[in-house]
Amino acid sequence: MARARLAPYFAVAGVPYPPARFMLVGFKRERELQLFAAGAGQRLAFIRSYPIRGASGVLGPKLREGDQQVPEGVYGIVYLNPNSVAHLSLALSYPNDYDRARALEDGRDADELGGDIMIHGGSGSAGCLAVGDAASEELFVLAADAGWKDAVVVVSPVDFRRRALPPDYRAPTDWVNDLYASLRVELQGLPLPPTAASRAASVRRSRR
């Protein structure tokens, strides 16, 4: 069923299924997870988006275990969990080398940054991204079919392609500005999704 649900979106984007590579991009402020994918020799194309149904914390990176923050940065997928308490889950590589290095700079304990950050089903979350059961099924099957070891997951405070940070946002530490500069670069080459109306019409045509 999950493959069947994904098929029309891949068809509209002109990307074979399973793709040669894929990328997930989560936007905190927009509460949206976007899926991009490409076949061999193709550029990444927008496939579809999923609403983020649960995410705790505020804009800004995760700094320590228990702060309820969703991490911000560029991560990989380290394993798939078919037995998750939240239906199905994809585990992210937080904390990564960048997170540990910034902790040392700040004088924070690099062993107390937390972990077990997931993209998972359900609608409630503490430090993870909950996308609902149906979406978690699609992402889990996609990762299993396409191979998850080279997948990239970007988590950004806002969609920097479309907007700036809120005027009242204050970075919790100096290096956050460098992090956001690198996230802008990661997002720069990604296509914007089509409007909801044009997307729906294209998907309907692909199902005929």
| said: Could you measure the distance from the CG atom of D133 to the NE2 atom of H87? Nearest 0.5 Å is fine. | reply: 4.5 Å

| said: I'd like to check P71 versus L92 (side-chain heavy atoms, cut-off strictly below 4.5 Å). Are they in contact? | reply: no

| Heavy atoms from other residues, nucleotides or ligands near CZ of R29 exceed 12 (cutoff 6.0 Å) | no

| query | Side chains of D99 and Y75: closer than 4.5 Å at any heavy-atom pair? | reply | yes

| query | How far apart are the closest heavy atoms of M23 and L190, and which atoms are they? | reply | SD-CD2, 3.9 Å

| Backbone N or O of G114 within a donor-acceptor pair of the K62 side chain at under 3.5 Å? | no

| field | Parallel, tilted or perpendicular, as decided by the 30° and 60° cut-offs, for the rings of Y169 and Y180 | value | tilted

| Is there any side chain to side chain donor-acceptor pair (under 3.5 Å) pair reaching into residues 151-166, and which pairs are they, with sequence neighbours excluded? | E30-R163, Q34-R161, D159-R161

| field | Exercise: do Y17 and D145 side chains pair donor with acceptor under 3.5 Å | value | yes

| task | Answer whether the closest heavy-atom distance between the side chains of L142 and P19 falls below 4.5 Å. | result | yes

| message | Tell me whether N96 contacts the main-chain N or O of V74 through its side chain, where contact means a donor paired with an acceptor under 3.5 Å. | response | yes

| request: Determine, using the 4.5 Å side-chain heavy-atom cutoff (strictly less than), whether M118 and V78 are members of one ILVMFWY cluster. | output: yes

| message | If you apply the rule side chain to side chain contact (heavy atoms under 4.5 Å, CB included), what do you find for V153 with L90, and how did you get there? | response | CA-CA 10 Å; V153 181; L90 293 73; over 6 Å; no

| note | Minimal heavy-atom distance between H120 and S89, with the atoms involved, is CB-CB, 3.7 Å

| Should L113 and Y94 be marked as a side chain to side chain contact (heavy atoms under 4.5 Å, CB included) after you check the CA-CA gap, both sets of side-chain angles, and the distance that decides it? | CA-CA 9 Å; L113 300 181; Y94 173 87; 3.5 Å; yes

| query | Does a side-chain heavy-atom distance below 4.5 Å link Y50 with I119? | reply | no

| query | So, for A151 and I77, which heavy atoms are closest and what is the spacing to 0.1 Å? | reply | CB-CD1, 3.9 Å

| Measuring from E112:CD to D67:CG, what's the distance to the nearest 0.5 Å? | 12.0 Å

| task | State whether the side chain of E72 and the backbone N or O of G60 hold a donor-acceptor pair below 3.5 Å, judged by distance alone. | result | yes

| note | CG of L35 to CZ of F46, rounded to nearest 0.5 Å, is 8.0 Å

| query | If you measure from CD on E138 to CG on L88, what distance do you get to the nearest 0.5 Å? | reply | 11.5 Å

| message | Please report the interatomic distance CZ(R31) to OG(S49), rounded to the nearest 0.5 Å. | response | 14.0 Å

| field | Minimum heavy-atom distance D106-R108, with the two atoms named | value | OD2-NH2, 3.0 Å

| Minimum-distance pair of heavy atoms, taken over all atoms of G122 and R53 | O-CB, 4.3 Å

| request: Inspect the surroundings of CG in D178 and state if more than 12 heavy atoms from other residues, nucleotides or ligands are less than 6.0 Å away. | output: yes

| Backbone of E137 reached by a side-chain donor or acceptor of R5 within 3.5 Å | no

| note | Between the CG atom in D111 and the CZ atom in R100, the distance rounded to the nearest 0.5 Å is 8.5 Å

| task | Please lay out, stage by stage, how F36 and V152 fare under the test side chain to side chain contact (heavy atoms under 4.5 Å, CB included). | result | CA-CA 10 Å; F36 298 84; V152 176; over 6 Å; no

| query | Are the side chains of L165 and F160 in touch, meaning some heavy atoms are under 4.5 Å apart? | reply | yes

| Heavy-atom side-chain proximity of S182 to Y98 below 4.5 angstrom | no

| message | Within a 6.0 Å radius of atom CG on D150, are there more than 12 heavy atoms belonging to other residues, nucleotides or ligands? | response | no

| task | Could you tell me which non-hydrogen atom of V158 sits nearest to which non-hydrogen atom of P166, and how far apart they are? | result | CG1-CD, 4.3 Å

